[in-house]
Amino acid sequence: MSDNKNETQQEGIYPFSEIESRWQSFWDQEKIFEVDALSDKPKFYCLVMFPYPSAALHVGHGRNYIIGDAVARYKLMRGFNVLSPMGFDAFGLPAENAALKTNIHPKISTLSNIERMKKQLNQWGVGYDWSREVASCLPNYYKWTQWIFLKLYEKGLAYKKKAAVNWCSSCQTVLANEQVVNDACERCDTHVETKELEQWFFKITDYADKLLDDLKLLENWPDRVKTMQRNWIGRSEGVTIEFPIADEESKLPCFTTRVDTIHGATYVVLAPEHPLVSNLIKDVDEKENIEAFIRKVRAEDRIERMSEDGEKEGVFTGRYAINPMTQEKIPIWLANYVLFDYGTGCVMAVPTHDQRDFLFAKKYNLPLRVVIDNPKEALKESEMTEAYEDEGVLVESGAFTGKGNQESWNLIADFMERNDIGKRSINYRLKDWLISRQRYWGAPIPIIYCDTCGAVPVPESELPVVLPEEVEFKPTGKSPLQDNADFLNVKCPKCQSDARREVDTMDTFVDSSWYYLRYLSPNDETKAFDFDLVNKWLPVDQYIGGVEHAILHLLYSRFITKVLHDLDLLSFSEPFKNLFTQGMIIKDGAKMSKSKGNVVSPDPLIEKYGADTVRLYTLFIGPPEKDAEWNDRAADGSFRFLGRVWRFVTQSSDWKIAGEAKWKSKDLKRLLHQTIKKVTEDLEGDFHFNTAISAIMELINACFQFQQQSEEDKALLNEVALNVTLLIAPFVPHVSEELWSRLGNEGSIFRASWPSFDADSLKTDEVEIVVQVLGKVRARACVPSDISEEDLKKYVLADEKVKTWIDGKEIRKIIIVPNKLVNIVV
RNA sequence: GCCGGGAUGGCGGAAUUGGCAGACGCGUCAGACUCAAAAUCUGAUGGGCUUUCAGCUCUUGUGGGUUCAAGUCCCACUCCCGGCACCA
């Protein structure tokens with residue numbers, strides 16, 4: 001490999017390895033990325049999602065940093081005061097799991113991974129303001145994570161409850177709903193179990209509406225991310241109807257979105273876990289059977305029970321409710337398909353107009369009544385094979401009969417509210433955020449349990465609750481901190497009697513839900529973030545990261561920001577104004593991962609071609625928002641291109657070409673300015689680096705077909721060389737710096753300003769017009785760009801080729817698109 | 001089932017939003033350099049047909065439609081990717 005490299009460099013392709021290390025040190029010394037946060041220059045906060053510190057980065061990771069770096073460098077050249085910080089999401093399971101195998105403490109492995117990762121980032125030539133580095137595992141950071149917990153606690157937004165929670169037996173901890181993907185642990189793919197445990201939650205449901213409504217404010221977020229969040233929050237509007245229970249005073253509340261079908265509700269169904277059930281069935285003959293059914297359902301796996309093709313099973317309670325609109329007695333059933341934790345845990349069933357109810361009713365022979373007429377064919381209960389779920393006119397619906405079902409929705413809801421039958425209400429799919437983790441490598445939850453005072457928050461002055469280092473962190477299903485007596489035993493902050501600390505740690509998504517605030521004052525010992533600085537610099541102007549965080553991190557960060565906003569600690573309520581989610585780098589059809597063995601390391605490629613080539617190929621591989629298949633060989637093209645740029649720029653003042661000169665100076669000048677325009681527009685828009693780069697390639701290709709003949713040509717070539725160097729700088733910073741200095745410029749190219757195009761140079765006095773006959777291209781014509789339509793028509797009709805196509809035919813119409821095309825209709 | 005995004009040469013992908021489809025790059029082929037190879041450089045490169053320094057014709061997942069003109073707009077459909085889903 002090294003022989004190869006020497007050879008390449010000897011042949012004078014371009015001495016990338018020397019150049020790259022030299023300019024990397026230069027940026028360091030010159031503090032190119034260090035920001036004066038107080039400056040009056042227009043600010044630009046460019047943020048890449050901070051990574052979990054892993055030992056070896058692959059080219060897929062690189063895409064994220066390279067895109068972020070290209071944006072930051074471009075904005076620098078546009079004259080912005082650019083804040084581009086980096087930090088590490090440094091708590092979490094991988095370090096702890098590795099420690100179990102290697103016996104190296106997570107703190108040690110994490111900190112050494114961070115150092116390695118910084119080296120790798122530097123090797124890529126991505127620049128950050130390292131003076132602002134944060135690592136979530138350090139006490140000066142997690143102190144403030146704990147502080148945020150306390151703020152939520154004070155507001156009643158952090159609370160402890162016993163609940164059925166997701167349990168990963170491999171990770172030996174509970175998981176948030178957001179961390180369960182297809183019934184499996186997001187991290188290790190282990191099938192998730194359900195456990196009843198007492199755990200800490202953040203009340204994100206209080207913010208469901210705001211989180212949903214404010215998606216409208218996020219104009220520059222990808223639609224798919226907003227859609228995912230919308231789906232996840234899952235708001236549905238309906239009416240909670242109180243069904244009186246026959247022979248009893250109490251009522252059964254049922255949430256429905258189809259209040260228009262109420263007259264067809266012929267039975268109601270409760271979740272077997274519903275608290276009213278035991279009372280309902282206490283005197284019923286079939287009690288034993290019913291209880292057996294409840295036991296059976298409870299024993300069923302929650303996941304299986306919820307799966308769609310799971311058999312719907314139920315049992316009659318022997319009791320009846322009253323349909324409040326028809327006053328009929330309707331049976332009360334229990335069924336496995338009704339979820340206790342959604343809505344009211346009790347549903348009204350309308351088998352004629354809900355397919356699921358229909359199947360259940362058929363199975364157990366429950367009564368049907370059509371209340372919406374199908375305009376296409378009359379519905380007969382006895383002949384129906386499926387529910388009719390479309391629109392129509394109400395029938396058998398008392399005073400509402402004859403009205404459209406949609407308009408009746410509101411009329412019936414109004415009627416119910418007036419008569420105390422039901423109330424409009426809203427339900428969400430979103431559940432509260434479970435933040436407790438029974439693992440070691442995380443921020444301790446700052447709570448103390450006292451036998452007399454109960455759960456007492458650790459006073460702010462006593463933060464941080466330091467994570468002890470001497471711990472046996474074998475996962476046992478309980479927090480390892482439990483076994484550390486020094487940590488566990490404390491005095492109650494209220495009454496000074498003996499007390500115990502909370503031993504669970506926080507979900508690492510709590511750490512990452514506020515880090516973007518910390519970068520403005522990373523070393524401040526007195527507060528989590530600086531009010532003035534944060535409100536000056538945020539919201540983040542450009543956030544860049546993987547779409548896998550569409551729900552988890554992005555929803556949690558929005559939530560925490562809104563809470564802090566409501567506490568008057570932030571003046572903004574959305575943290576990230578613009579979001580860009582880059583696609584994944586794929587290898588052999590799959591996401592790169594160690595377990596699949598398809599990881600591509602950038603090291604050999606950097607060794608062979610240099611970091612600039614890796615960067616250029618990464619940006620050129622395709623539209624950055626889409627997934628892209630990595631192909632080492634295709635990177636050759638990027639290297640060749642840099643070689644061409646190198647030769648052109650270093651020789652531009654004495655430029656000779658081998659082949660035929662196909663370009664004229666006027667056209668080359670125009671192309672230069674078109675290219676500046678195109679690249680600028682691509683970078684200002686949706687970061688279409690791939691097309692920006694191809695435009696620069698076209699310009700360089702043109703230069704290789706241009707022969708210098710005069711002093712003006714020489715000046716033009718120098719102009720092209722200078723501008724090309726500037727245009728490629730955000731993509732390939734090392735070689736650009738080198739060329740910039742070889743062109744005789746002082747200082748960093750990133751202190752120079754971005755080129756602007758000259759509108760006059762874009763104008764042409766001659767244009768090539770496409771001549772179509774009946775929409776097919778038959779000829780081309782070079783004409784003055786200011787030619788009149790009349791002259792153009794005459795010119796085109798006189799063309800020999802055109803004549804052969806229109807000969808003897810009647811011309812019906814001539815369509816002219818100025819400076820582009822003529823279409824003759826015959 | 002609902003929502004979002006897609007489908008363009010051998011491959012990755014362009015196409016100024018209705019105006020020359022296939023830019024740019026990879027690969028392939030040919031040539032230069034070389035004893036030779038690699039690397040590098042130069043050129044050609046969607047398919048078919050013909051009378052081949054030219055020209056015709058077909059071609060953007062499928063089938064219809066609108067238009068002087070459709071990858072782009074409309075209707076119907078197929079397949080792929082992602083999210084949600086016994087959610088009442």
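In this text the structure is predicted, and so the values were computed from the model without any measurement. Below, chain A is the first sequence line, B the second, and so on; all start at residue 1.
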For this session: Would you state whether a donor and an acceptor, one from the side chain of A/Asn231 and one from the base of B/rC84, lie under 3.5 Å apart?
Result: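 No such pair is found, so the answer is no.
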
For this session: Would you kindly give the CD-to-P distance between A/Gln674 and B/rA15, to the nearest whole Å?
Result: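 Rounded to whole Å, this separation is 15 Å.
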
Problem set entry | A/Phe620 CZ - B/rG13 C1' separation (whole Å) | 8 Å

Exercise. What would the secondary structure line of RNA chain B be in dot-bracket form, counting Watson-Crick and G-U wobble pairs under 3.5 Å, with [ ] for pairs that cross earlier ones and | for pairs with another strand?
Worked result: (((((((..(((......[....)))((((((.......))))))(((((...)))))..(((((..]....))))))))))))....

Going by the rule salt bridge (Lys or Arg N to Asp or Glu O under 4.0 Å), which residues pair with [X] if we only count those two or more places apart in sequence or in a different chain?
| X | answer |
| --- | --- |
| A/Arg424 | A/Asp414, A/Glu417 |
| A/Arg63 | none |
| A/Asp354 | A/Arg356 |
| A/Lys363 | A/Glu311 |

Could you pull out all residues at least two apart from [X] that satisfy ring pair (Phe, Tyr, Trp, His ring centres under 6.0 Å)?
| X | value |
| --- | --- |
| A/Trp630 | A/Tyr617 |
| A/Phe704 | A/Trp655 |
| A/Phe243 | none |
| A/Phe509 | A/Tyr556 |

Problem set entry | P spacing across the pair B/rG43 / B/rC80, given as an integer number of angstrom | 44 Å

For this session: Could you work out the separation of B/rG83 and B/rC74 based on their C1' atoms and round it to a whole Å?
Result: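 Result for the C1' pair: 28 Å, nearest Å.
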
Exercise. Closer to the 5' end of RNA chain B via nearest nucleotide, is it A/Lys678 or A/Phe255?
Worked result: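 By nearest-heavy-atom nucleotide position, the 5'-most residue is A/Lys678.
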
Problem set entry | 5′-ward residue of the pair A/Gly637/A/Met348 relative to RNA chain B | A/Gly637

For this session: Please list, chain by chain and in numerical order, all residues satisfying side chain to side chain donor-acceptor pair (under 3.5 Å) with A/Thr240, sequence neighbours excluded.
Result: A/Ser425

Kindly give the atom pairs (protein nitrogen or oxygen, nucleotide nitrogen or oxygen) under 3.5 Å for nucleotides 32-34 of chain B.
none

Exercise. Side chains of A/Asn427 and A/Ser236: do they bring a donor and an acceptor to under 3.5 Å?
Worked result: no

Problem set entry | Distance-only polar pair, side chains of A/Ser17 and A/Tyr609, donor-acceptor under 3.5 Å | no

Problem set entry | Strand-adjacent residues in residues 688-707 of chain A, judged by heavy atoms under 4.0 Å from RNA chain B |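 Heavy-atom contacts with RNA chain B come from A/Asn690, A/Thr691, A/Ser694, A/Met697, A/Glu698, A/Asn701, A/Phe704, A/Gln705.
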
Below 4.0 Å: OP1/OP2 of [N] and any side-chain N or O of [X]:
| X | N | result |
| --- | --- | --- |
| A/Arg647 | B/rC41 | yes |
| A/Arg644 | B/rU42 | yes |
| A/Ser236 | B/rA88 | yes |

Considering every strand and a 4.0 Å limit on heavy-atom distances, what is the contact class for [X]: base, sugar-phosphate, or nothing?
| X | result |
| --- | --- |
| A/Ile621 | sugar-phosphate |
| A/Arg224 | sugar-phosphate |
| A/Arg640 | sugar-phosphate |
| A/Asp627 | sugar-phosphate |
| A/Pro623 | sugar-phosphate |
| A/Gln772 | base |

Exercise. Is the A/Phe360 to A/Tyr337 ring centre distance short of 6.0 Å?
Worked result: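 Yes, the ring of A/Phe360 comes within the 6.0 Å limit of the ring of A/Tyr337, centre to centre.
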
